[in-house]
2 protein chains.
Amino acid sequence: MKDSDESAGTAARSKRADARRNKETLLEAAASVFVTSGVEAPVRDIAAKAGVGTGTIYRHFPTRADLIVAVYRHQVEACAEAGPALLASSETPHAALGRWIDLFVDFLVTKHGLAAVLQSDNAGFDTLHTYFIDRLVPVCAQLLEAAADAGEIRSDMEALVLMRGVGNLCIGADSDPRYDARRLVELLITGLRLPQ
Amino acid sequence: MKDSDESAGTAARSKRADARRNKETLLEAAASVFVTSGVEAPVRDIAAKAGVGTGTIYRHFPTRADLIVAVYRHQVEACAEAGPALLASSETPHAALGRWIDLFVDFLVTKHGLAAVLQSDNAGFDTLHTYFIDRLVPVCAQLLEAAADAGEIRSDMEALVLMRGVGNLCIGADSDPRYDARRLVELLITGLRLPQ
DNA sequence: GACGATACGGAACCGTGTTCCGTTTAGCAA
DNA sequence: TTGCTAAACGGAACACGGTTCCGTATCGTC
């Protein structure tokens with residue numbers, strides 16, 4: 001809640017009304033297009049759906065990645081906030097970790113193509129990388145540390161590596177029904193366990 | 001060894017000498033460019049390096065993916081053939097599986113960007129998918145079955161899924177030194193183990 | 001109602017893979 | 001050796017993607 005949330009803010013005087021309206025329209029159009037055509041949908045398609053020119057998109061979102069971030073921000077936040085909650089409510093830290101990773105996988109798998117775009121080293125998606133990493137890695141780290149402290153898992157796995165691994169496993173999970181990302185992730189988490 | 005291997009063949013009469021020479025030049029140029037710029041290097045770069053026009057590339061290799069397949073065919077073949085060999089020479093099937101996966105990871109990780117391109121659902125890379133899947137999945141399946149029969153691992157993991165998982169884990173392994181694909185793959189294989 | 005700042009639209013640009021076609025050349029025959 | 005033709009070549013042109021630019025339209029204020 002740092003910007004673009006005008007509903008309760010006292011500031012936000014500078015933007016023109018039509019601009020704010022357009023931004024909202026764009027977010028809805030993008031969300032809708034992402035559902036049907038995947039995250040890799042052409043910018044022009046989104047502009048068309050929203051009934052605006054491409055230039056308008058770029059004024060509101062400097063790059064495609066910013067648009068993606070904006071569309072999914074809420075869900076990423078929810079995922080991030082679920083971490084501590086699960087830790088508090090689960091029997092063991094390892095169970096919390098498992099459930100949290102499950103949430104993360106849910107998120108990635110349901111957004112057609114998001115996982116693939118998340119790892120693309122295509123410069124220009126830096127915003128996307130940075131946002132996901134900055135927001136989620138600390139949460140994952142907390143869960144990992146708790147589980148390690150409880151002696152449930154090995155302590156030499158960095159959150160960043162695990163997150164990227166899970167993210168990678170989710171690539172292509174939608175486009176091929178034979179591929180079972182969730183099971184592989186499960187295996188990965190199992191492999192993390194210390195032979196008690 | 002079905003075509004393009006003229007050295008010992010009695011056939012191969014139809015192609016003009018310069019064409020054969022160019023194909024060879026192209027393969028070398030592509031291999032060289034792939035090493036320095038990655039598998040995603042522009043076709044034009046490869047053409048330039050080889051000193052030919054882009055049209056020439058497309059006459060020899062109908063699509064970029066065909067060129068990639070041609071460049072790496074030898075190594076994929078070697079990997080495929082290593083499967084049965086490892087199974088015969090290792091103490092246990094699970095050890096053979098581990099070593100074979102290691103070979104596969106070696107291959108993917110050292111080819112800058114190959115893993116990423118391998119999974120891209122970008123139609124047009126079908127050739128690449130098909131070749132890898134057709135050639136390597138049966139080998140992996142054989143290793144998995146042997147290990148399952150020996151009671152070392154769970155028997156409900158399909159080779160295709162495992163291979164794609166391992167492939168996915170290798171994505172981006174080169175571009176970020178903090179990411180440790182090999183360790184994640186190890187974890188995955190560990191997770192496969194039956195609690196003895 | 002007028003006017004200046006703000007926002008808009010979409011043509012234009014750049015970098016991809018791929019196709020197309022006029023030009024060149026290898027290889028054979030006379 | 002010379003001439004001919006099918007094969008191969010080169011690279012301009014096309015399609016398609018993200019992004020930029022700028023003339024035009026609109027908002028909001030005076």
Side-chain angles (χ1 to χ4, degrees), chain A residues 4 6 11-27 29-30 33-34 37-71 113 116-117 120-129, chain B residues 4 6 12-27 29-30 33-34 37-71 113 116-117 120-128:
Chain A
S4 79
E6 257 68 272
R13 195 188 340 274
S14 49
K15 267 197 153 108
R16 246 167 60 173
D18 58 340
R20 236 173 308 142
R21 226 179 310 126
N22 262 329
K23 187 166 186 175
E24 212 49 44
T25 309
L26 271 172
L27 281 174
V33 171
F34 285 169
S37 308
V39 179
E40 312 242 39
V43 174
R44 284 166 179 77
D45 289 4
I46 299 166
K49 175 90 179 185
V52 306
T54 55
T56 302
I57 290 196
Y58 281 91
R59 197 159 320 96
H60 289 294
F61 308 98
T63 183
R64 244 175 61 93
D66 293 290
L67 178 55
I68 300 177
V69 166
V71 168
V117 122
S120 141
D121 58 358
N122 220 340
F125 282 114
D126 281 352
T127 317
L128 199 57
H129 291 200
Chain B
S4 79
E6 258 69 272
R13 194 186 344 271
S14 49
K15 268 196 152 109
R16 248 167 61 172
D18 58 340
R20 236 173 308 141
R21 227 178 309 125
N22 263 329
K23 186 167 186 174
E24 212 49 46
T25 309
L26 270 173
L27 281 174
V33 171
F34 285 170
S37 308
V39 178
E40 312 242 39
V43 174
R44 283 165 180 78
D45 289 4
I46 299 167
K49 174 91 177 185
V52 305
T54 54
T56 302
I57 290 196
Y58 282 91
R59 198 159 318 94
H60 289 294
F61 308 97
T63 183
R64 244 175 60 93
D66 294 290
L67 178 56
I68 299 177
V69 166
V71 168
V117 122
S120 139
D121 57 357
N122 221 340
F125 282 113
D126 282 351
T127 317
L128 199 56

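Lettering of chains follows the sequences in order, A, B, ..., and the numbering in each one begins at 1.
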[X] has an atom [atom1]; how far is it from atom [atom2] of [N], in whole Å?
X	N	atom1	atom2	value
A:Asn122	D:dG18	CG	C1'	10 Å
B:Glu40	C:dG15	CD	C1'	14 Å
B:Arg16	C:dC28	CZ	P	11 Å
A:Phe125	D:dT19	CZ	C1'	13 Å
B:Ile68	C:dT18	CD1	P	10 Å
B:Ile46	C:dG17	CD1	C1'	11 Å
B:Arg20	D:dA8	CZ	C1'	13 Å
B:Asp18	D:dA7	CG	C1'	8 Å

Do [X] and [Y] have side-chain heavy atoms sitting under 4.5 Å apart?
X	Y	value
B:Thr127	B:Thr63	yes
A:Tyr58	A:Val43	yes
A:Val69	A:Phe61	no
A:Lys49	A:Asp45	no

With respect to the phosphate group of [N], does any side-chain polar atom (N or O) of [X] fall under 4.0 Å of OP1 or OP2?
X	N	result
A:Tyr58	D:dT20	no
A:Arg64	D:dG18	yes
B:His60	D:dA8	no
A:Thr56	C:dA7	no
A:Thr63	D:dT19	yes
A:Asn22	C:dA7	no

Donor-acceptor pair, side chain of B:Arg59 and main chain of B:Thr54, under 3.5 angstrom: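 Checked: no pair found.
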Short side-chain to backbone donor-acceptor contact, A:Thr25 and A:Arg21, under 3.5 Å: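 Present.
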Minimum-distance nucleotide to A:Val43 side chain [options: D:dT26, D:dT19, D:dA6]: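 Per side-chain heavy atoms of A:Val43, the pick is D:dT19.
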Five-pair end axes of the helix from C:dG1-D:dC30 to C:dA30-D:dT1, angle between them (10°):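 So the angle between the two local helix axes works out to 20°.
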Atom pair NE2/CG of A:His129 and A:Asp121 - distance to nearest 0.5 Å: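 Atom-to-atom, A:His129:NE2 and A:Asp121:CG are 7.5 Å apart.
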Sugar-phosphate only, base, or nothing, as touched by A:Ala17 at under 4.0 Å among non-hydrogen atoms: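 Sugar-phosphate contact only.
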Touch class at under 4.0 angstrom, heavy-atom based, for A:Ala41 against every strand present: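 Sugar-phosphate: the residue A:Ala41, judged by heavy atoms under 4.0 Å, touches backbone atoms but no base.
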Base D:dA8 paired with B:Arg59 side chain (donor-acceptor, <3.5 Å):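 No such pair is found, so the answer is no.
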Nearest-nucleotide 5' precedence on DNA chain C, B:Arg44 against A:Ala19: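 Mapping each residue to its closest nucleotide by heavy atoms, the 5'-most match is A:Ala19.
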Closest non-hydrogen atom pair between B:Ala50 and B:Leu26, with its separation: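 For B:Ala50 and B:Leu26, the tightest heavy-atom pair comes out as CB-CD2, 3.8 Å.
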